[in-house]
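One structure, as structure tokens, below. Some questions next.
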Amino acid sequence: MSPLTIALVILHCLAAVALIVFILLHSGKGTGVSSMFGAMQSAISGTSIIEKNLDRITIVSAVVFFVTAIILMMTYSVTGGA
């Protein structure tokens, strides 16, 4: 394996773990992360700042996971998986 492939596999694994953690932190119906931290409500949309940031972090983790999966697929198909 090349050093680039090893780095991509490590980044892919970290993104996978981060994605699992951040998805599990999301709220169900009627509850939220904001209830744990004191219910800091935003005046505009009714969702908390913490939940908005959690959404952004989850989206970034998903994009990193997707991009690394595509790049790993291309590098393995070029190198033959060895």
Side-chain angles (χ1 to χ4, degrees):
M1 266 200 209
S2 69
L4 176 65
T5 305
I6 293 171
L8 283 172
V9 168
I10 291 171
L11 182 62
H12 189 70
C13 291
L14 289 174
V17 170
L19 198 54
I20 291 169
V21 169
F22 292 130
I23 286 174
L24 289 176
L25 281 175
H26 276 280
S27 63
K29 285 188 174 183
T31 61
V33 178
S34 62
S35 63
M36 291 184 347
F37 298 111
M40 300 175 356
Q41 293 294 323
S42 173
I44 298 172
S45 65
T47 60
S48 72
I49 296 171
I50 296 172
E51 289 172 351
K52 286 182 182 180
N53 288 334
L54 185 61
D55 288 341
R56 291 180 185 133
I57 294 170
T58 306
I59 291 170
V60 168
S61 299
V63 168
V64 169
F65 182 82
F66 178 74
V67 169
T68 56
I70 297 296
I71 293 172
L72 283 170
M73 181 188 68
M74 291 186 324
T75 58
Y76 272 137
S77 66
V78 170
T79 60

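Source: prediction; values computed, not measured.
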key: Set of side chain to side chain contact (heavy atoms under 4.5 Å, CB included) partners for N53, sequence neighbours left out   =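 Per chain and number, N53 pairs via side chain to side chain contact (heavy atoms under 4.5 Å, CB included) with I49, R56.
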Taking distance alone, no hydrogens or angles, what donor-acceptor pairs closer than 3.5 Å link side-chain atoms of residues 11-18 to residues at least two apart or in another chain?
unit_1, atom_1, unit_2, atom_2, d
H12, ND1, T68, OG1, 2.7

key: Non-neighbouring partners of S61 that pass side chain to side chain donor-acceptor pair (under 3.5 Å), sequence neighbours left out   =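 In terms of side chain to side chain donor-acceptor pair (under 3.5 Å), with neighbours along the sequence ignored, S61 is linked to no residue.
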request  = Work out which heavy atom in L8 is nearest to a heavy atom in I71; give both atom names and the distance.
outcome  =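 Closest approach of L8 to I71, heavy atoms only: CD1-CG2, 3.2 Å.
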Sole residue of V60, D55, L54 in side chain to side chain contact (heavy atoms under 4.5 Å, CB included) with F22 =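 Exactly one pass, corresponding to L54.
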ask   = Does L24 have any side chain to side chain contact (heavy atoms under 4.5 Å, CB included) partners at least two apart in sequence or in another chain, and if so, which?
value =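 L24 satisfies side chain to side chain contact (heavy atoms under 4.5 Å, CB included) with I20 only.
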Linked, directly or transitively: I10 and V63 (ILVMFWY side chains, under 4.5 Å) =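 Cluster IDs for I10 and V63 match.
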ask   = Applying the 4.5 Å side-chain criterion to the ILVMFWY set and letting contacts propagate, would L19 and M73 be lumped into a single cluster?
value =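 As far as the 4.5 Å side-chain criterion goes, M73 and L19 are not connected within one cluster.
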request  = Check the hydrophobic clustering (I, L, V, M, F, W, Y; side-chain heavy atoms under 4.5 Å; chains of links allowed) and say if F65 and I59 are grouped together.
outcome  =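 No: no chain of side-chain contacts under 4.5 Å links F65 to I59.
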